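Here the structure comes first, spelled out in structure tokens, and everything after it is commentary.
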Amino acid sequence: MACRQLLLISCLLAVVLLSSVEQRIFMQESDASNFLKRRSQRSPKSRDEVNVEKRQKLRADELRREYHKEQRNEFENFVEEQNDEQEERRREAIEQWRQWHYDGLYPSYLYNRHHI
């Protein structure tokens, strides 16, 4: 019987303590929604807020740099491929011209012509 009374008293005491602690730990919903908005615009930011903003800006800058670097690399690769294709077409055209105008002499007569 004494154990039951002791257990009942300890349970009641725990409920009372938790209800009083709960009021101090948890906020009202209206307070919680405006918790981060309480600081006015003129009050200084806390060091944690400043650090978080700096980290966000640095991360955004890093992502922006990576994006632009990737875009620049893609464009440079595209330009290099275009230049290679153009060079190949030019080389083929010159080779075809040389075959068509070849006169049996090496080097070709056209390139050894003496202008008088």
Side-chain angles (χ1 to χ4, degrees):
M1 191 70 170
C3 290
R4 286 185 182 174
Q5 288 177 350
L6 185 61
L7 182 63
L8 182 61
I9 291 173
S10 62
C11 287
L12 287 174
L13 185 61
V15 168
V16 169
L17 286 175
L18 285 177
S19 65
S20 66
V21 169
E22 182 180 342
Q23 291 173 355
R24 284 184 278 155
I25 291 177
F26 297 107
M27 298 181 173
Q28 295 295 324
E29 187 175 348
S30 60
D31 292 339
S33 65
N34 294 326
F35 180 73
L36 295 175
K37 298 178 186 176
R38 272 191 206 165
R39 182 177 56 79
S40 70
Q41 294 295 333
R42 293 183 179 269
S43 65
K45 295 179 182 178
S46 68
R47 187 176 299 265
D48 292 334
E49 287 177 313
V50 171
N51 289 338
V52 167
E53 286 183 5
K54 281 185 181 178
R55 280 198 305 267
Q56 288 175 342
K57 287 180 183 177
L58 289 174
R59 180 66 180 148
D61 289 344
E62 181 181 349
L63 291 175
R64 193 176 303 111
R65 272 194 306 273
E66 289 177 4
Y67 172 77
H68 288 298
K69 183 177 181 181
E70 183 178 331
Q71 293 295 315
R72 185 175 60 245
N73 287 340
E74 288 180 7
F75 180 72
E76 287 175 356
N77 291 339
F78 171 76
V79 168
E80 186 176 348
E81 289 177 9
Q82 291 293 323
N83 288 340
D84 289 346
E85 290 175 4
Q86 186 176 1
E87 180 68 25
E88 182 64 27
R89 286 193 300 270
R90 187 183 63 80
R91 192 177 298 119
E92 288 176 0
I94 290 173
E95 184 62 31
Q96 288 175 356
W97 185 87
R98 285 181 180 164
Q99 288 177 357
W100 178 259
H101 291 74
Y102 183 63
D103 57 1
L105 301 174
Y106 185 79
S108 176
Y109 170 74
L110 293 173
Y111 297 111
N112 290 325
R113 200 181 296 179
H114 297 288
H115 300 284
I116 303 176

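Every value quoted in this text rests on a predicted model; they were computed, and no experiment measured them.
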Gap between atom NE2 of H68 and atom CG of L63 - 0.5 Å precision: 11.0 Å
E87 bridged to R90 by N-O distance under 4.0 Å: yes
Remaining members of hydrophobic cluster (4.5 Å side-chain criterion), F78: F75, V79
salt_bridge(R65, E62) N-O dist < 4.0 Å: no
Which residues share a salt bridge (charged side-chain N to carboxylate O under 4.0 Å, His left out) with R55, sequence neighbours left out: none
Atom pair NZ (K57) and CD (E53), whose distance is rounded to the nearest 0.5 Å: 6.0 Å
CD-CG distance between E81 and D84, expressed to the nearest 0.5 angstrom: 7.5 Å
Salt bridge (Lys or Arg N to Asp or Glu O under 4.0 Å) evaluation trace for E88 with R91: CA-CA 5 Å; E88 182 64 27; R91 192 177 298 119; 3.0 Å; yes
Heavy-atom neighbours of R4 CZ exceed 12 at 6.0 Å: no
Criterion side chain to side chain contact (heavy atoms under 4.5 Å, CB included) against Y67, the qualifying member of Q71, R64, E70: Q71
Non-neighbouring partners of R59 that pass side-chain hydrogen bond (donor to acceptor under 3.5 Å, both in side chains), sequence neighbours left out: none
